[in-house]
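Worksheet: one structure, shown below.
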There are 2 protein chains.
Amino acid sequence: MTTATNPRVLDHPAREEIRLEGVLHALSDAVRLRIVSEMARADTELSCSFFDLPVTKSTTTHHFRVLRESGVIQQIYRGTAKLNALRREDLDVLFPGLLDSVLDAATAQARRLGNPDTL
Amino acid sequence: MTTATNPRVLDHPAREEIRLEGVLHALSDAVRLRIVSEMARADTELSCSFFDLPVTKSTTTHHFRVLRESGVIQQIYRGTAKLNALRREDLDVLFPGLLDSVLDAATAQARRLGNPDTL
DNA sequence: GGCGTACTACGATGAGTATCGTACGAGCGT
DNA sequence: ACGCTCGTACGATACTCATCGTAGTACGCC
C-alpha cells in the first residue's frame, strides 16, 4: 500500500499535535516569515521554487521542512513539484487570531524598515 | 553620571529596535512563555523570584535576559530585587494584537493540554 | 530510453542556546 | 558588622540550528 515509509508521503502533525512553541519558533526566522507572508498573500498552493529566497536550495528545503513539521504549512507532491499551503484553518481553530496578527506584524515591520519587497 | 557601564543599569532595546523575529523567538520557549503569561495576568511589576520555574536560578536569569534583550519585558533594579514588567505599550504600537493573541493561544493550549497550572 | 527540472539526503561547519554548578556582588534587616 | 536573600558572572556541556556543497532520486516530457 506504500503507506509504510514512502518518501513521497510527507509527515504532518495532526491538528492536536501542533504546539504553540513550535509555531512561534518556526515563525521566528526571517526567511520562514517571508515564505509564510508570501503564501498568505497568494492564498493558493505554491511550489517551493516559486519563492525567490536569499538562500540555496538545500537551505530552502530545510526551512520548508521546519514549517511543515511545526504544523504551519501543508506540503504535497504533485508530480515533480511540491505544493505548499498554509494550514490556516488548523491554526485559526487552535490559536484564533494568532496567524493574522503575526502576518500583520511582519507587514508592519517590513514597511517600517523599508523592505517592502520582503513582503 | 553612572551611565557608562553601570552593572545596575540594564540595557533595553529602544522601541524602534525591537524586531519581530526576536520577539517570536523569545516567546517560542515554554519557560519564557510561562513567565510572560504570568506577568500578563498579574499586570504588576514582579520580581524574578516570584516565579516558580522548573529550572535553576542561573537558567532563570538567562531566560529573563532573553526576554529583556528581545524587547518583551522591562527590568529595573529595586534594591535587592529586580522588577519585571511587560512592555505592553511598545509591543502594541509595533505589533497591534500580537501579544494578546499569543497570550490567548498560550492559555488555550494550556487548557487543551490539561496544564491549567502552567498559566 | 534519455534529458532536464524539482526537490532531497547527507555530511560538514559554525553559530547559537538551554541547561547546570559554583562562586561572587549588592542591598536590606537586625 | 553580619548574615540573608536576590540575582549575576563565568565556565562547561550538550544540543539545536541555519547554512552550504555535492550527490542523488523521482517525475514529466521528448
Side-chain angles (χ1 to χ4, degrees), chain A residues 2-12 19 21-36 39 45-70 72-85 118, chain B residues 2 4-12 19-36 38-39 45-70 72-85:
Chain A
T2 69
T3 45
T5 43
N6 189 333
R8 294 258 115 188
V9 172
L10 299 161
D11 265 2
H12 293 76
R19 301 279 273 114
E21 299 91 316
V23 171
L24 294 178
H25 174 245
L27 297 175
S28 71
D29 178 276
V31 175
R32 292 194 291 262
L33 205 47
R34 186 163 152 180
I35 292 173
V36 171
M39 285 179 58
E45 297 186 321
L46 296 174
S47 74
C48 294
S49 53
F50 171 84
F51 301 88
D52 184 28
L53 301 171
V55 291
T56 64
K57 276 202 298 178
S58 357
T59 306
T60 301
T61 297
H62 162 69
H63 285 306
F64 275 101
R65 183 169 46 221
V66 172
L67 287 171
R68 170 170 48 85
E69 292 179 345
S70 66
V72 176
I73 67 170
Q74 198 200 10
Q75 298 190 290
I76 49 166
Y77 280 103
R78 182 82 141 255
T80 158
K82 193 176 184 179
L83 298 186
N84 303 277
T118 317
Chain B
T2 68
T5 41
N6 189 332
R8 294 255 117 187
V9 173
L10 299 161
D11 264 4
H12 292 77
R19 301 278 274 115
L20 176 59
E21 299 91 315
V23 170
L24 294 178
H25 174 245
L27 297 175
S28 72
D29 178 276
V31 175
R32 292 194 291 262
L33 204 47
R34 186 162 150 181
I35 292 172
V36 171
E38 227 158 324
M39 285 179 57
E45 297 187 321
L46 296 174
S47 74
C48 294
S49 53
F50 171 84
F51 302 88
D52 184 29
L53 301 172
V55 291
T56 64
K57 276 199 301 176
S58 358
T59 307
T60 301
T61 297
H62 161 69
H63 285 306
F64 275 101
R65 182 168 47 222
V66 172
L67 287 171
R68 170 170 48 85
E69 291 179 346
S70 66
V72 176
I73 67 171
Q74 199 200 8
Q75 300 191 288
I76 49 164
Y77 280 102
R78 182 84 141 251
T80 159
K82 194 176 183 179
L83 297 186
N84 303 277

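So you know, we letter chains A, B, ... as the sequences are listed, proteins then strands, and number each from 1. Below, each value reflects all heavy atoms present in this structure, side chains not excepted, and no hydrogens, waters or symmetry copies.
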Check: Would you say the side chain of Leu67(A) lies within less than 4.5 Å of the side chain of His63(A), judging by non-hydrogen atoms?
Finding: no
Can you tell me how far [atom2] of [N] sits from [atom1] of [X], to the nearest Å?
X	N	atom1	atom2	result
Asn84(A)	dA6(C)	CG	P	14 Å
Phe64(A)	dA9(C)	CZ	P	15 Å
Tyr77(B)	dT5(D)	OH	P	19 Å
Ile76(A)	dC7(C)	CD1	P	13 Å
Leu10(A)	dA26(D)	CG	P	14 Å
Asp29(B)	dG16(C)	CG	C1'	14 Å
Arg65(A)	dA6(C)	CZ	P	20 Å
Glu69(B)	dA18(C)	CD	P	12 Å

Item checked: Where at least one partner belongs to residues 57-68 of chain B, residue pairs that pass salt bridge (Lys or Arg N to Asp or Glu O under 4.0 Å), sequence neighbours excluded -> none
Listing time: all N or O pairs from protein to nucleotides 25-30 of chain C that are below 3.5 Å?
none

Pairing residues for [X] by the salt bridge (charged side-chain N to carboxylate O under 4.0 Å, His left out) criterion, not counting sequence neighbours:
X	answer
Arg32(A)	none
Arg19(A)	Glu21(A)
Glu45(B)	none

By side chain to side chain donor-acceptor pair (under 3.5 Å) - contacts of [X] (at least two apart):
X	value
Thr56(B)	Thr59(B)
Thr61(B)	none
Ser58(A)	none
Gln74(A)	none

Checklist line | Nearest atoms (heavy-atom pairs only) where Val72(B) meets Ala26(B) | finding: CG2-CB, 4.2 Å
Margin query: Strictly distance-based, threshold 3.5 Å: is any side-chain N or O of Asn84(B) a donor or acceptor partner for the main-chain N or O of Gln75(B)?
Written below: no
Check: Got a sec? Which of residues 54-62 of chain B come in under 4.0 Å of DNA chain D, heavy atoms?
Finding: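 The answer is Lys57(B), Ser58(B), Thr61(B).
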Notebook entry, point to check: Which of residues 45-53 of chain B sit near DNA chain C, with a heavy atom under 4.0 Å from it?
Noted result: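 Residues of residues 45-53 of chain B that come under 4.0 Å of DNA chain C do not exist, since none gets that close.
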Next item on the list: Answer yes or no: does a side-chain N or O of His63(B) lie under 4.0 Å from OP1 or OP2 of dT17(C)?
Entry: no
Check: Which nucleotide in the list dA18(C), dA18(D), dC7(C) gets nearest to the side chain of Val66(B)?
Finding: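 Given the options dA18(C), dA18(D), dC7(C), the side chain of Val66(B) is closest to dA18(C).
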